[in-house]
Amino acid sequence: MITGSEKKDGLLLSEKLLRLLYPPKCASCGCIVPDGLKIRFPALCPDCLEEWKKEKERSCPDCHRDRLDCICAPPVMSDGLLSMCAYSKSTDSVAKRMILLAKDRRIDILNDFLASELADFAGGSIGDFDVMTYAPRSAERVRIFGVDQSLEISKRVAAGLRMAFMTLLTNIGSSEQKKLSKEERNENASSAYRIASPWYTLEGKRVVLFDDICTTGSTLSSCCEQLRAAGAEKIVCLTIARNDSRG
């Protein structure tokens with residue numbers, strides 16, 4: 001007897017059936033992703049997948065180094081900022097469409113895909129860290145959209161790397177960062193993030209801090225300050241993309 005736990009082509013039969021009934025749509029262009037692709041998480045159609053690969057291969061336009069060797073992190077992120085690709089408000093891209101879609105609603109296959117890509121990208125650099133956490137979305141934004149995309153993606157990255165995962169931070173702010181100027185972002189972020197529990201101690205711990213995108217660096221900087229105050233010895237920031245235009 002065939003059960004739902006048996007695998008075919010690397011997939012559970014239940015997953016296979018679900019994809020037949022509800023074919024996944026490309027997270028970039030919206031077309032139906034064709035069946036039979038040799039990929040575990042078909043979040044992109046073949047054309048958008050090829051474009052995504054090109055976006056990841058582009059070196060940093062500021063320091064002209066490969067993404068893993070980029071040295072453009074703000075001073076507070078001196079332990080490192082790992083970003084898979086670039087992001088610009090004024091330029092369309094596969095990365096931009098995926099990030100915006102992940103913010104807008106929970107799509108498990110997209111979160112799985114992004115987490116798998118992040119684990120492959122940064123696993124060699126963060127594999128010996130103690131715990132992964134994330135910059136949480138405000139309760140108001142979670143209520144509106146029904147999802148905290150950074151939580152969904154980062155917990156999957158941690159699971160893929162077999163790393164401990166904890167919600168170490170809380171967001172008590174309400175203003176949406178993308179609508180603020182750089183100065184307003186810095187002020188808003190500095191007051192928004194706190195350690196989630198006064199009982200948490202990170203003495204000597206090496207922490208991976210995830211956020212979906214680094215725009216001005218204000219969110220990650222504020223979170224780093226809170227984690228260091230709680231005793232974290234080393235903090236590496238991990239994002240899907242970084243805004244190379246500094247906009």
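These numbers were taken from a predicted model, which means no experiment stands behind them.
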Would you say NZ of Lys103 has more than 12 non-hydrogen atoms from neighbouring residues, nucleotides or ligands within 6.0 angstrom? yes

Compare all side-chain heavy atoms of Leu101 with those of Ile107 and state whether any distance is below 4.5 angstrom. yes

Shortest non-hydrogen pair, Ser138 vs Asn171, comes out as N-ND2, 3.3 Å

Ignoring hydrogens, what is the shortest heavy-atom contact between Leu161 and Gly123? Give both atom names and the distance. CD2-CA, 3.9 Å

For Asn111 and Glu152, does a side-chain donor sit closer than 3.5 Å to a side-chain acceptor? no

Please report the C-alpha distance between Leu114 and Asp212 in whole Å, then the side-chain angles of each, then the deciding distance to 0.1 Å, and finally whether the side chain to side chain contact (heavy atoms under 4.5 Å, CB included) criterion is met. CA-CA 10 Å; Leu114 289 171; Asp212 56 355; over 6 Å; no

Residue pair Lys205 / Glu233, side-chain heavy-atom distance below 4.5 Å: no

Step by step, would you call Glu51 with Arg58 a salt bridge (charged side-chain N to carboxylate O under 4.0 Å, His left out)? CA-CA 11 Å; Glu51 183 57 36; Arg58 293 173 189 144; 3.2 Å; yes

Can you list the steps and then say if Lys53 with Glu50 is a salt bridge (charged side-chain N to carboxylate O under 4.0 Å, His left out)? CA-CA 5 Å; Lys53 290 177 180 177; Glu50 285 304 309; 3.5 Å; yes

Does any N or O in the side chain of Ser116 come within less than 3.5 Å of the main-chain N or O of Asp112, such that one atom is a donor and the other an acceptor? no

Is Val131 close to Met163 at the side-chain level, that is, under 4.5 Å between some pair of heavy atoms? no

Counting only heavy atoms not in Lys155, do more than 12 fall under 6.0 Å of its NZ? yes

Any idea which heavy atoms bring Arg137 and Val142 closest together, and the distance? CB-CG2, 3.9 Å

If we only count heavy atoms from C-beta on, is the Leu168 to Leu227 side-chain gap below 4.5 Å? yes

Determine whether Asp211 and Tyr134 make a side-chain contact, defined as any pair of heavy atoms from C-beta on separated by less than 4.5 Å. no

Is there a side-chain contact between Pro34 and Pro46, using heavy atoms and a 4.5 Å cut-off? yes

Thinking salt bridges, do Arg228 and Asp79 make one under a 4.0 Å N-O criterion? yes

Indicate whether any N or O donor in one side chain lies under 3.5 Å from an N or O acceptor in the other, for Thr170 and Tyr193. no

Side-chain donor/acceptor of Glu55 to backbone N/O of Ala95, under 3.5 Å: yes

Quick check: closest heavy atoms across Ala43 and Leu110, and the distance to 0.1 Å? CB-CA, 4.1 Å

Mark yes or no for whether Arg67, through its side chain, and Leu82, through its backbone, hold a donor-acceptor pair below 3.5 Å. no

Could you tell me if Ser59 and Asp66 have a donor-acceptor pair between their side chains, going purely by distance under 3.5 Å? no

Do Phe210 and Phe165 come within less than 4.5 Å of each other through their side chains, counting heavy atoms only? no

Are the side chains of Cys214 and Tyr87 in contact, using a 4.5 Å heavy-atom criterion? no

Of all the heavy-atom pairs spanning Leu238 and Ile126, show the shortest one and how long it is. CD2-CD1, 4.1 Å

Any donor and acceptor pair, going by atom type alone, linking the side chain of Ser197 with main-chain N or O of Trp199 inside 3.5 Å? yes

